[in-house]
A.B. asks: 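Input: one structure, supplied below.
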2 protein chains.
Amino acid sequence: MKPNRKEEIILKAAQLFKEKGYNAVSMRDLAQDLGIKAASLYNHIHSKQEILEGIIMQVARDFTLHIHEVSPKPISAIQKLEEIIQMHIDLTIQKTDFLACMNNDWMHLEEENRANYIDMRADYETKFREILQEGIAAKELKESDPEIMLFSILSTLRTFYLWYAKNKNINPNVLKKDLTQTLLQGIIV
Amino acid sequence: MKPNRKEEIILKAAQLFKEKGYNAVSMRDLAQDLGIKAASLYNHIHSKQEILEGIIMQVARDFTLHIHEVSPKPISAIQKLEEIIQMHIDLTIQKTDFLACMNNDWMHLEEENRANYIDMRADYETKFREILQEGIAAKELKESDPEIMLFSILSTLRTFYLWYAKNKNINPNVLKKDLTQTLLQGIIV
DNA sequence: GTCTATAGCGTGATAGAC
DNA sequence: GTCTATCACGCTATAGAC
């Protein structure tokens, strides 16, 4: 459970990247926050890019794995959506900085990793879209444009870490109830 | 209507910043895209920072002005929300790159401008919050947590340019109808 | 595993010719 | 209004001592 030095570096980097963005954080900044010199970082990691990759790919995999787990379950589309919302809340709470970094800095991944990330994101959206279409076909969901539903829900879930940063003391169960209601049932009486 | 050289620079900069982020775009990159040398840019602008300021403050003012216009109208809270959604759609269509840049790069504004931007954003959220509370008090809106409603709607509207970039050929009226329905009435039948 | 020193390059910005 | 040339600095990353 105790993080080794490499993990410590990645953890601190995620924190700094979240605040200033990948390009605005230098290896000197990162080293200073860890109480060492920049050159010493290279005993634990090969490059700045490797740090970014470590952050983004880890959490991207979490999302991918989870949606592939929920998708085939023998439950209603609405229940699947509730599980997905719960997952986003959980990951937001556990890995705030990693998630923020993924959202803001994925375009700074180099060639191969960026292509990889884009594929994973597309796969995630496809699975999500299928659940929405399933719900519409079963008449659980409205006959509205599923692309707009997808974007609307996902944009809220993806940037939820911004809200959570300012409201860390909320009860997670109340949060889940309120967020699910707002996203699925809207705000109008 | 024809943009002068300074406006041309700002327009092209917004486009590049949107794709790569402020720090990843050099003055040399920007100049090359305009077909001139980096040094020539400085005949039209004083600094890179001034370009960022020009982009962000312009669109931040648009939002602030508009919500102060809608807020005191003698119409229902729901009608106000509909007007706000319409405004976000309009600005997304007219100023996609500026909006993207504001969302992604505001933290790279320097001291004074950043403080200014943060104030404007807080003011915008306050006005928005008041409309939601007004709607709850009038029993037009559900008795759910207004902070979650605020965040949920606003996060979708703020990142809407991401969706629009891939769906430019949608009919604006259909878009408004579907987005309003999804945000206000949810997706469940 | 950390340090000092430094290579090699890219950056924002300026001076001054045309 | 654009150019060439250049300054001063910050960046990632490496070499090699301890």
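Fair warning: this is a prediction, and the values are worked out from it, not measured in the lab. Quick note on labels: first sequence line is chain A, next is B, and so on, each numbered from 1.
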A.B. asks: Once you round it to whole Å, what is the distance between C1' of D/dT14 and CG of A/L41?
C.D. replies: 13 Å
A.B. asks: Which of parallel (below 30°), tilted (30 to 60°) and perpendicular (above 60°) describes A/H108 and A/Y22?
C.D. replies: parallel
A.B. asks: Out of D/dA13, D/dG1, C/dC3, which nucleotide sits closest to the side chain of B/H44?
C.D. replies: D/dG1
A.B. asks: Take atom CG of A/L34 and atom C1' of C/dG1, then tell me their distance rounded to the nearest Å.
C.D. replies: 14 Å
A.B. asks: For a side chain to side chain donor-acceptor pair (under 3.5 Å) check, start with the C-alpha distance between B/D123 and B/H68, then their side-chain angles and the critical distance, and finish with the verdict.
C.D. replies: CA-CA 10 Å; B/D123 176 58; B/H68 277 271; 2.8 Å; yes
A.B. asks: Starting from C1' on D/dG10, measure out to CG on A/N23 and report it in whole angstrom.
C.D. replies: 13 Å
A.B. asks: Do the ring planes of A/F160 and B/F151 sit parallel (below 30°), tilted (30 to 60°) or perpendicular (above 60°)?
C.D. replies: perpendicular
A.B. asks: Just the rounded figure in Å: distance from P of C/dG10 to NZ of B/K48.
C.D. replies: 15 Å
A.B. asks: Starting at CD1 of B/I36 and ending at C1' of D/dC3, how long is that distance when rounded to a whole Å?
C.D. replies: 11 Å
A.B. asks: Just checking, any donor-acceptor pair under 3.5 angstrom between side chains of A/Q86 and A/D90?
C.D. replies: yes
A.B. asks: For the pair A/K80 (side chain) and A/S71 (backbone), establish whether a donor and an acceptor sit closer than 3.5 Å, ignoring hydrogens and angles.
C.D. replies: yes
A.B. asks: Check the pair B/L52, B/K48 against side-chain contact (heavy atoms from CB on, under 4.5 Å), reporting the backbone distance first and the verdict last.
C.D. replies: CA-CA 7 Å; B/L52 186 64; B/K48 191 184 180 188; over 6 Å; no
A.B. asks: From the set C/dA5, D/dA5, C/dG12, return the single nucleotide nearest to any side-chain atom of B/M27.
C.D. replies: C/dG12
A.B. asks: Describe the nucleic acid contact of A/R5 in one word from base, sugar-phosphate, nothing, applying a heavy-atom distance below 4.0 Å.
C.D. replies: sugar-phosphate
A.B. asks: For D/dG10, does the base pair up with any side-chain atom of A/R28 as donor and acceptor (N or O, under 3.5 Å, distance only)?
C.D. replies: no
A.B. asks: Side-chain N or O of A/Y42 less than 4.0 angstrom from OP1 or OP2 on D/dT14?
C.D. replies: no
A.B. asks: Rounded to whole angstrom units, what separation is found between the NZ atom of B/K20 and the P atom of C/dG10?
C.D. replies: 14 Å
A.B. asks: Rounded to whole Å, how long is the line connecting atom CG of A/L16 with atom C1' of D/dC11?
C.D. replies: 16 Å
A.B. asks: What residues in residues 100-115 of chain A put a non-hydrogen atom under 4.0 Å from any atom of DNA chain C?
C.D. replies: none
A.B. asks: State whether A/S26 places a side-chain N or O below 4.0 Å from either non-bridging phosphate oxygen (OP1 or OP2) of D/dC11.
C.D. replies: yes
A.B. asks: Does D/dC3 have its OP1 or OP2 closer than 4.0 Å to a side-chain nitrogen or oxygen of B/K37?
C.D. replies: no
A.B. asks: Salt bridge between B/K73 and B/E83, side-chain N to carboxylate O under 4.0 Å?
C.D. replies: yes
A.B. asks: Which part of the nucleic acid, if any, lies within reach of A/S40 when heavy atoms closer than 4.0 Å are counted: base, sugar-phosphate only, or nothing?
C.D. replies: base
A.B. asks: Could you check how far CG of B/L30 sits from P of C/dG10, rounded to whole Å?
C.D. replies: 18 Å
